[in-house]
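Single-structure report; data block below.
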Amino acid sequence: MEDMKEKYPFSEIEPKWQAYWDEHGLFKTDVASAENKYYCLMMFPYPSGTLHVGHGRNYIIGDAVARYKKMRGLRVLTPMGWDAFGLPAENAAIKTGTHPRESTLNNVAVMKQQLSAWGCCYDWDREVTSCLPDYYKWTQWLFLKLYERGLAYKKEAAVNWDPVDQTVLANEQVLADGTAERSGAKVERKMLSQWFFKITDYAQRLLDDLDKLDGWPERVKSMQENWIGRSEGARINFRLAPRDNGGADTSDVVPCFTTRVDTIYGCTYMVLAPEYPGIAELVKGLPEEQDVLAFVEKAGRLSAIERTTEGDKNGIFTGRYVINPYNEEKIPLWIGDYVLMEYGTGAVMAVPAHDTRDWVFAKKYDLPIRLSIQNADQSLQLEDMDDAYTEDGIVVDSPPFSGLPNREAIPKMAAHAEENEFGGPVIQFRLRDWLISRQRYWGAPIPIIYCDVCGMVPVPEADLPVLLPDDVEFKPSGESPLKRAESFVNVPCPTCGKPARRESDTMDTFVDSSWYFFRYLSARDDTKAVDTTLCDNWLPVDQYIGGIEHAILHLMYARFFTKALYDLELIHFEEPFAHLFTQGMITKRSENDGQLYKMSKSKGNVVSPEELIREYGADTVRLYTLFIGPPEKEAEWNDAGVEGAFRFLRRLWRRVYEHRDLLRDAKALTPDMATMEKPERDLYRKLNESIQRITRDLEGDFHFNTAIAQIMELMNAVDALKVNPDSSEQVRAVFHETVETIVVLISPFAPHIAEELWQELGRAPSILNAEWPRVNEAALYREEVEIVLQVNGKLRGRILVGAGADQASIEQEALADPQVQKWIEGKTVRKVIVVPGRLVNIAVS
RNA sequence: GCCGGAGUGGCGGAAUGGCAGACGCACCAGACUCAAAAUCUGGCGAGGGCAACCUCGUGUGGGUUCGACUCCCACCUCCGGCACCA
């Protein structure tokens with residue numbers, strides 16, 4: 001063996017061990033057996049080309065978990081792949097002319113190299129790349145399966161239009177402030193015919209099954225719950241009052257949804273969304289016609305954000321009336337821009353006395369207001385109110401329901417609607433169907449053909465994949481660039497053979513990422529999308545690791561896909577991820593304004609790993625990243641902190657170097673508690689306490705920061721032992737065992753140095769095959785324990801007592817302690833609390 | 001407004017209801033050195049005291065308890081999600 005280098009030679013050993021792991025395929029997993037399986041999954045990245053240390057946290061955490069679990073004897077599956085379709089590559093192509101496939105695959109190669117330089121190991125035999133035909137063929141196949149089941153459908157709807165990326169977006173991809181999640185553009189509304197996945201069919205199941213996800217963070221579950229937005233209420237059909245002139249109407253019912261049917265006797269008007277179907281019909285020939293149509297037209301031009309600015313509500317009277325089925329009252333029918341067509345029925349029963357929005361609208365347009373709920377002391381007076389009363393109370397002026405507490409009235413009044421066949425209880429969700437069409441090139445083509453004779457025809461499975469053509473001009477025009485590719489668009493109809501046209505839109509890239517974790521199990525299988533048996537054996541994923549930014553988007557879509565595949569009987573489980581870990585973002589102060597931001601080029605606060613790895617090595621970057629704070633929380637990157645991690649690894653290296661001869665010779669020695677003196681006995685106890693604590697930290701929620709702190713403490717204790725070649729046999733034995741154990745304990749975090757030192761200590765590589773250290777319970781025993789002495793809860797001293805000391809004698813000793821004497825002198829001892837092994841608290845007065 | 005999470009030294013952070021501030025960073029002092037770097041040793045919440053020690057201290061105010069960063073109630077601030085969703 002080569003002589004050990006004095007200076008920690010990270011730049012030599014790191015590439016060496018990376019090559020070793022690669023050659024020996026240490027993370028290549030045979031999935032034929034699922035015994036002791038552990039599926040460790042990291043969200044696969046978009047290959048943007050360069051990773052910064054903020055991205056790195058995800059992979060470093062995942063790699064540490066995978067290494068730890070492997071050493072615990074589990075058969076770990078850690079695959080990696082690429083979410084490789086997406087707009088950045090296409091936008092770059094527009095600017096530079098480089099084909100997205102080329103730039104994407106180049107970026108994949110670069111990022112693979114980066115991951116390797118971080119020491120992150122994967123089973124690359126299972127690599128999936130979503131932009132390659134062997135993957136997107138199956139994305140298309142799954143689309144067809146959803147289509148067959150009616151879960152993929154096309155409809156005309158008001159959709160979110162991103163004017164910068166020139167494409168439509170799903171609701172999930174629009175932020176609360178009305179800007180696009182990706183481009184930051186202000187989203188516009190457009191009426192377009194688009195493809196949707198019917199995720200709303202799964203709303204209740206997606207909500208219910210959140211309860212099963214014990215391994216998920218509460219906040220992610222709560223975010224999904226908010227997003228799904230279930231509310232219980234009632235559907236009530238108001239009758240349209242006939243025209244005065246007796247003219248006919250296409251429909252004579254206006255249904256509405258309400259969660260407050262108890263207030264329906266206070267309903268004084270009704271409001272329709274401007275997009276409500278048939279408004280033109282409704283007002284035809286009335287004096288109000290022109291004004292109403294102008295109002296509708298104007299509302300339609302406003303963006304979602306302009307329309308939904310709270311407070312300002314605009315409306316117009318239609319000239320028509322509806323009849324409240326509870327009291328047969330005729331009330332005016334209005335149109336209001338605050339009513340959403342997408343929620344409920346697009347019609348709202350307005351109860352200004354008990355709804356703040358209706359109150360504002362009624363005041364503005366001088367509409368009548370009527371109380372139908374009274375407060376507890378019956379003191380509500382309309383004249384005194386300056387806002388709606390939305391609290392609970394007693395139903396009034398609502399025969400035959402008057403006098404009921406309103407919460408009790410709700411089910412009774414809904415049942416009344418059902419009995420009389422003008423409505424009944426219903427559940428309403430906020431969740432909308434998932435819009436998946438994108439008017440862009442770099443995505444999986446939607447496998448549908450439009451034939452003038454046969455209509456919409458799915459591409460036959462045998463014809464998959466529908467390949468993306470290469471010769472396409474990328475100019476964004478608001479229509480898919482594929483639409484201008486003649487050879488792509490013009491195809492014979494698969495059914496009748498007549499000339500037909502292909503769908504030219506591509507799928508949202510979130511479709512690709514909704515099923516990749518199934519594909520890892522059979523990535524090279526060209527006969528089917530997913531392998532049912534392998535998936536059933538290896539899923540749900542034991543540990544999923546990724547960013548909180550996907551709390552709703554990807555994680556909801558993937559759950560939906562899993563349930564849909566379950567219904568298709570392609571798999572036999574309904575939730576894909578048993579445990580979810582969302583790591584916090586790494587932030588850094590911007591040099592521009594000194595504020596903390598997520599790392600991004602535009603903020604000028606990006607730390608790239610290359611320079612750090614060159615200067616300190618990958619193990620230092622890994623150790624610091626894991627030590628920076630609790631991994632689920634945000635953390636601020638601090639360059640000085642990196643230095644600290646480096647110092648620790650260098651110290652560990654030096655300690656082994658300094659004592660290399662002693663360590664080699666001590667290999668044959670065994671720690672024996674019977675012959676240990678106190679100093680090495682203390683270290684031996686500390687060693688075992690550390691193993692216990694570190695294991696607990698990792699088994700819990702991956703508390704790497706405290707685990708690493710514990711290793712540092714143990715190292716401090718090693719140094720305190722002051723070992724030298726003349727030390728006793730037991731000192732040398734304990735020293736050897738402790739150093740060797742430190743190397744094993746640190747190996748998930750700093751694997752390169754651990755491998756090198758492991759070998760230096762005369763062990764055969766790889767350390768990944770080493771067993772995780774076990775606690776020697778006997779070593780934890782203390783002959784003497786320190787007892788803290790308190791008087792009235794304040795620390796007044798400490799004593800050492802034998803481990804077996806009984807409460808009475810501890811109490812006696814405590815009371816005899818001079819410090820304690822001082823504080824209880826002249827006072828009455830009222831109570832003495834003895835917590836064995838911990839403290840004595842003496843209450844005096 | 002509703003839902004979720006968090007407030008601890010100069011900084012990142014640690015503490016099964018039982019010694020608040022582990023570990024690291026920064027800083028200060030000392031050793032080594034011609035010197036520097038590196039390394040090693042020690043100190044490092046605030047206030048008081050020559051000192052032994054004492055008082056205060058985990059966002060604020062109450063409460064439970066022998067004992068509260070930890071549990072309960074009310075509130076403040078910050079972060080995230082939802083929000084004209086009827």
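Throughout, a chain's letter reflects where its sequence line sits, starting with A, and its residues are numbered from 1.
With a glycosidic angle no further than 90° from 0, B:G9 counts as syn.
A:Ile628 comes within 4.0 angstrom of the backbone, heavy atoms only, and of no base. Residue-level contact check: A:Gln790 touches the bases, meaning some heavy atom is under 4.0 Å from a base atom. Counting non-hydrogen atoms under 4.0 angstrom, A:Asn705 reaches the backbone sugars and phosphates but no base. The residue A:Glu643 sits apart from the nucleic acid: no heavy atom pair falls under 4.0 Å. At a threshold of 4.0 angstrom between heavy atoms, the contacts of A:Pro217 with the nucleic acid are absent. Residue A:Gly229 is classed as having no contact, given no heavy-atom separation below 4.0 Å to the nucleic acid. A:Arg430 comes within contact range of at least one nucleobase, with a heavy-atom separation under 4.0 Å.
Taking atom CD on A:Glu225 and atom P on B:G5, their separation rounds to 12 Å, with Å as the unit. The separation between A:Leu839 atom CG and B:A68 atom P is 12 Å, rounded to whole Å. In this structure, the CD atom of A:Glu634 is 15 Å from the C1' atom of B:G13, given to the nearest Å. The separation between A:Leu210 atom CG and B:G4 atom C1' is 13 Å, rounded to whole Å. In this structure, the CD1 atom of A:Ile264 is 15 Å from the P atom of B:A86, given to the nearest Å. If you take CH2 of A:Trp637 and C1' of B:G24, they are 14 Å apart, rounded to a whole angstrom. Atom CG of A:Asp639 and atom P of B:G12 are 16 Å apart (whole Å). For the pair A:Leu721 CG and B:U41 P, the interatomic distance rounds to 13 Å; values are reported in whole Å.
Nucleotide B:G17 has no partner under the Watson-Crick or G-U criteria, as no pair reaches both atom distances under 3.5 Å. Partner assigned to B:G12 is B:C23, using Watson-Crick or G-U wobble distances below 3.5 angstrom. Judged by Watson-Crick or G-U wobble contacts below 3.5 Å, the nucleotide B:U77 has B:A6 as its partner. Under the Watson-Crick and G-U wobble criteria, each requiring two contacts below 3.5 Å, nucleotide B:A29 is paired to B:U41. With a cut-off of 3.5 Å on both Watson-Crick or G-U wobble distances, the partner of B:U55 is given as B:A46.
Contact annotation: A:Arg796 side-chain N/O to B:C54 OP1/OP2 distance is under 4.0 Å. Proximity of A:Arg655 to the phosphate of B:C40: a side-chain N or O atom is located under 4.0 Å from OP1 or OP2. Within the structure, a side-chain polar atom (N or O) of A:Trp823 is placed less than 4.0 Å from OP1 or OP2 of B:C54. Neither OP1 nor OP2 of B:G13 sits under 4.0 Å from any side-chain N or O of A:Thr706. Distances shorter than 4.0 Å separate some side-chain N or O of A:Asn716 from OP1 or OP2 on B:G24. Between A:Asn841 and B:G18 there is no side-chain polar atom (N or O) within less than 4.0 angstrom of OP1 or OP2. Distances shown here put a side-chain N or O of A:Arg647 below 4.0 Å from the OP1 or OP2 atom of B:C25. A:Arg838 has no side-chain polar atom (N or O) that falls below the 4.0 Å cut-off from OP1 or OP2 of B:C19.
With both ends at atom C1', the span from B:G7 to B:A14 equals 16 Å, rounded to whole Å. B:G45 and B:A52 have their P atoms separated by 15 Å, given to the nearest Å. Going from the C1' atom of B:G13 to that of B:C66 covers 31 Å, rounded to whole Å. Remark: the separation of the P atoms in B:C3 and B:A86 is 14 Å, to the nearest Å. For B:C19 and B:U70, the P atoms lie 13 Å apart once the distance is rounded to whole Å. Comparing the C1' positions of B:G80 and B:U64 gives an interatomic distance of 32 Å, to the nearest angstrom. Taking the P atom of each, B:C78 and B:C28 are spaced 36 Å apart, rounded to whole Å. To the nearest whole angstrom, the two P atoms, one in B:G48 and one in B:G10, are 16 Å apart.
Nearest-nucleotide mapping onto RNA chain B: of A:Val788 and A:Ile552, the residue sitting toward the 5' end is A:Val788. The residue among A:Ser231 and A:Arg798 whose nearest nucleotide of RNA chain B is located toward the 5' end is A:Arg798.
One finds a salt bridge joining A:Arg782 and A:Glu689 here, because a Lys/Arg side-chain nitrogen approaches an Asp/Glu carboxylate oxygen to under 4.0 Å. Between A:Glu232 and A:Arg230, at least one side-chain nitrogen of the basic residue sits less than 4.0 Å from a carboxylate oxygen of the acidic one, meeting the salt-bridge criterion. Note on A:Glu658 versus A:Arg655: salt bridge recorded, some NZ/NE/NH1/NH2 to OD/OE distance being below 4.0 Å.
Note that the OH atom of A:Tyr389 and the OG1 atom of A:Thr263 stand 13.0 Å from one another [nearest 0.5 Å].
Side-chain proximity of A:Ala709 to B:G4, B:C23, B:A14: nearest is B:C23. Residue A:Asn226 has its side chain nearest to B:G81 when only B:A83, B:A38, B:G81 are considered. Checking B:U39, B:U55, B:C19 against the side-chain heavy atoms of A:Lys794 singles out B:U55 as nearest. Checking B:A38, B:C66, B:G18 against every side-chain atom of A:Arg654, the shortest atom distance belongs to B:A38. Which of B:G80, B:G12, B:G4 sits closest to the side chain of A:Phe627 comes down to B:G12. Proximity note for A:Thr258 (side chain, C-beta onward) versus B:A86, B:C66, B:A38: the nearest is B:A86. In this structure, the nucleotide among B:C66, B:A14, B:G81 sitting nearest to the side chain of A:Arg693 is B:A14.
In the displayed structure, A:Lys298 atom NZ is contacted under 6.0 Å by at most 12 heavy atoms of other residues, nucleotides or ligands. In A:Arg430, the CZ atom is crowded: over 12 heavy atoms of neighbouring residues, nucleotides or ligands sit closer than 6.0 Å.
In this model, a donor atom of one side chain and an acceptor atom of the other lie less than 3.5 Å apart for A:Asp639 and A:Trp637. Between the side chains of A:Ser231 and A:Tyr343, at least one donor N or O lies within less than 3.5 Å of an accepting N or O.
Nearest heavy-atom pair across A:His659 and A:Val723 is CE1-O, 3.5 Å.
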